[in-house]
Protein chains: 2
Amino acid sequence: METTGTRTDSCAAPPHPHRRPEGQDSYTISEVVAFTGLTAHTLRWYERIGLMPHIDRSHTGQRRYSNRDLDWLDLVGKLRLTGMPVADMVRYAELVREGDHTFGERFELLEATRRDVLARIAELQDTLAVLDHKIGYYAEAGRAYEVEKAG
Amino acid sequence: METTGTRTDSCAAPPHPHRRPEGQDSYTISEVVAFTGLTAHTLRWYERIGLMPHIDRSHTGQRRYSNRDLDWLDLVGKLRLTGMPVADMVRYAELVREGDHTFGERFELLEATRRDVLARIAELQDTLAVLDHKIGYYAEAGRAYEVEKAG
DNA sequence: TATGGCCTTGGAGCGCACTCCAGGCAAGCG
DNA sequence: CGCTTGCCTGGAGTGCGCTCCAAGGCCATA
């Protein structure tokens, strides 16, 4: 039934809950679902679009994720939070697959992303200021309203 | 021809470039396009979905935006940057239209948004740390690679 | 008077990031 | 053996936020 339900909405479990040591790191898709919060659909979709490295398979053809894959998914999750388009992440994944000679390009991509993140933080802080201003106003007006009601 | 082209990509012009004084504040849709960077399509769409207050019309039925409308669009732009869904902004717009007795609810909505923004900033700073770490690594490895090439 | 520019409308279309479906295989258990 | 559970696949569907289209009105300038 593909594990619908059990949406653990606890926002942020500790980074790596029950990760197994190198050598025995072989997780089924449903374990990865539990670790990452992504759905199995999404994990398979990431693979189809080339966002994942090659994923191991069991002798019956089922996916077996490694610690390294989990690390990659961590990074992808972080980049996703920055609003980076999936296509750009795929590009980065391609560069990684292409080997050492893409170091320079990867470096630039990361730096560009870093600049984006800084800009986004600045935007959000700007928005925060506006929000604080409005909230202050509402608190003020709300107090006046209460007084009026009471009067 | 609906003004396609002339994409002024200057990221952030001063807040209110050539705003007219109260009383003469009556802008055509294309002026608002120039001010906000939104398309005319989007402005009309915002209106259709109830995200805008009532917009004045000229005697021929064309939209005439006021300074107040521009302010509202400013706020909408800021909220958009936080990732707030348009539906939530519509809800806020509805509360404003409903009058003073929705003060409390609006206040709560703003505070919830504020909390979201803070959380998002924290996420981004977390991501920034990861990025910096990786960039440091790439800079290091890149230097080693250069040395190797030179040797 | 005709041409062009700017505006109007309802509704259809698009790109992104998933999300789900149908049909099927392999393993474990009573 | 039959049943359930968990996973597999290619492809279709969904929701959001625009984005565009076709057909037409108003008005200024040539």
Side-chain angles (χ1 to χ4, degrees), chain A residues 1-7 26-52 54-66 69 72-73 75-93 116, chain B residues 1-7 26-52 54-66 69 72-73 75-93 116:
Chain A
M1 203 187 264
E2 192 66 66
T3 314
T4 316
T6 39
R7 266 207 165 282
S26 169
Y27 310 90
T28 65
I29 199 165
S30 61
E31 284 171 315
V32 178
V33 164
F35 288 178
T36 62
L38 298 169
T39 71
H41 295 301
T42 301
L43 285 167
R44 289 191 279 255
W45 178 67
Y46 278 0
E47 212 173 318
R48 266 195 281 182
I49 64 174
L51 184 51
M52 298 301 293
H54 177 75
I55 302 291
D56 253 28
R57 296 294 177 123
S58 74
H59 71 106
T60 55
Q62 295 184 206
R63 288 170 183 79
R64 292 294 178 256
Y65 293 82
S66 68
D69 300 330
W72 175 254
L73 282 169
L75 176 63
V76 165
K78 287 267 185 296
L79 292 179
R80 212 168 39 122
L81 288 177
T82 71
M84 181 189 277
V86 166
D88 290 7
M89 291 191 251
V90 170
R91 174 75 190 132
Y92 184 74
D116 284 359
Chain B
M1 201 186 264
E2 192 66 67
T3 312
T4 315
T6 38
R7 266 208 163 280
S26 168
Y27 309 90
T28 65
I29 200 165
S30 61
E31 284 172 315
V32 178
V33 164
F35 289 179
T36 61
L38 298 169
T39 70
H41 294 302
T42 301
L43 286 167
R44 289 192 279 255
W45 178 67
Y46 278 1
E47 212 174 317
R48 266 195 280 183
I49 64 175
L51 184 52
M52 298 301 293
H54 176 76
I55 303 292
D56 253 27
R57 297 294 178 123
S58 74
H59 71 106
T60 56
Q62 296 185 203
R63 288 170 182 80
R64 293 293 179 257
Y65 293 83
S66 68
D69 299 330
W72 175 254
L73 283 169
L75 176 62
V76 165
K78 287 266 183 296
L79 293 179
R80 211 168 39 123
L81 288 177
T82 70
M84 180 188 277
V86 167
D88 290 8
M89 290 191 254
V90 170
R91 174 76 189 128
Y92 184 76
D116 286 358

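All values below were derived from every heavy atom in this structure, side-chain atoms included, with hydrogens, water molecules and symmetry-related copies excluded. In what follows, every chain begins at residue 1, and chains take the letters A, B, ... in the order their sequences are listed.
Between B:Ile29 and B:Arg44, some side-chain heavy-atom pair lies under the 4.5 Å cut-off. Looking only at side-chain heavy atoms (C-beta outward), A:Val86 and A:Ile49 come within less than 4.5 Å of each other. Under the 4.5 Å side-chain criterion, counting only non-hydrogen atoms from C-beta, B:Thr28 is in contact with B:Arg64. Between B:Asp69 and B:Arg63 the shortest side-chain heavy-atom distance does not fall below 4.5 Å.
Distance A:Leu43 CG to C:dT19 P: 12 Å, rounded to the nearest Å. Protein atom CZ of B:Arg91 is 17 Å distant from nucleotide atom P of D:dC16, rounded to whole Å. Atom-to-atom, CZ of B:Arg48 to P of C:dT8 comes out at 12 Å; the value is rounded to the nearest Å. At whole-Å resolution of the value, CD in B:Glu31 and P in C:dC6 are 12 Å apart. Whole-Å rounding puts the B:Tyr65 OH to C:dC7 P distance at 10 Å. Rounded to whole Å, the distance from CH2 on B:Trp45 to P on C:dT8 is 18 Å. The nearest whole Å value for the distance from the NE2 atom in B:His41 to the P atom in C:dG11 is 17 Å. In this structure, the CD1 atom of B:Ile49 is 16 Å from the C1' atom of C:dG11, given to the nearest Å.
With rounding to the nearest 0.5 angstrom, the CD atom of B:Glu31 is 8.0 Å from the OG atom of B:Ser26. The distance from the NZ atom of B:Lys78 to the CZ atom of B:Arg80 is 10.5 Å, given to the nearest 0.5 Å. Here the straight-line distance linking atom CG of B:Leu43 with atom CG of B:Leu73 works out to 6.0 Å at 0.5 Å rounding.
One finds no side-chain N or O of B:Thr28 lying less than 4.0 angstrom from the OP1 or OP2 phosphate oxygen of C:dC6. Residue A:Tyr46 has a polar side-chain atom (N or O) positioned under 4.0 Å from OP1 or OP2 of C:dC18.
B:Ser58 comes within contact range of no nucleotide atom at all, as no heavy-atom separation falls under 4.0 Å. Counting non-hydrogen atoms under 4.0 angstrom, A:Arg57 reaches the backbone sugars and phosphates but no base.
Proximity note for B:Ser30 (side chain, C-beta onward) versus C:dG10, C:dC7, C:dC21: the nearest is C:dC7.
Interface residues of residues 75-87 of chain A facing DNA chain D, ordered by number: none; criterion, heavy-atom separation under 4.0 Å.
The aromatic rings of B:Tyr27 and B:Phe35 stand perpendicular to each other, their planes meeting at an angle above 60°, with 30° marking the opposite boundary.
Looking at B:Arg44, its side chain has no donor and acceptor atom pair within 3.5 Å of the base of C:dG10.
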Polar pairs (N or O, both sides) under 3.5 Å between protein and nucleotides 24-27 of chain D?
unit_1: D:dC27; atom_1: OP1; unit_2: B:His59; atom_2: NE2; d: 3.4

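In this structure A:Tyr46 satisfies the ring pair (Phe, Tyr, Trp, His ring centres under 6.0 Å) test with no other residue, sequence neighbours excluded.
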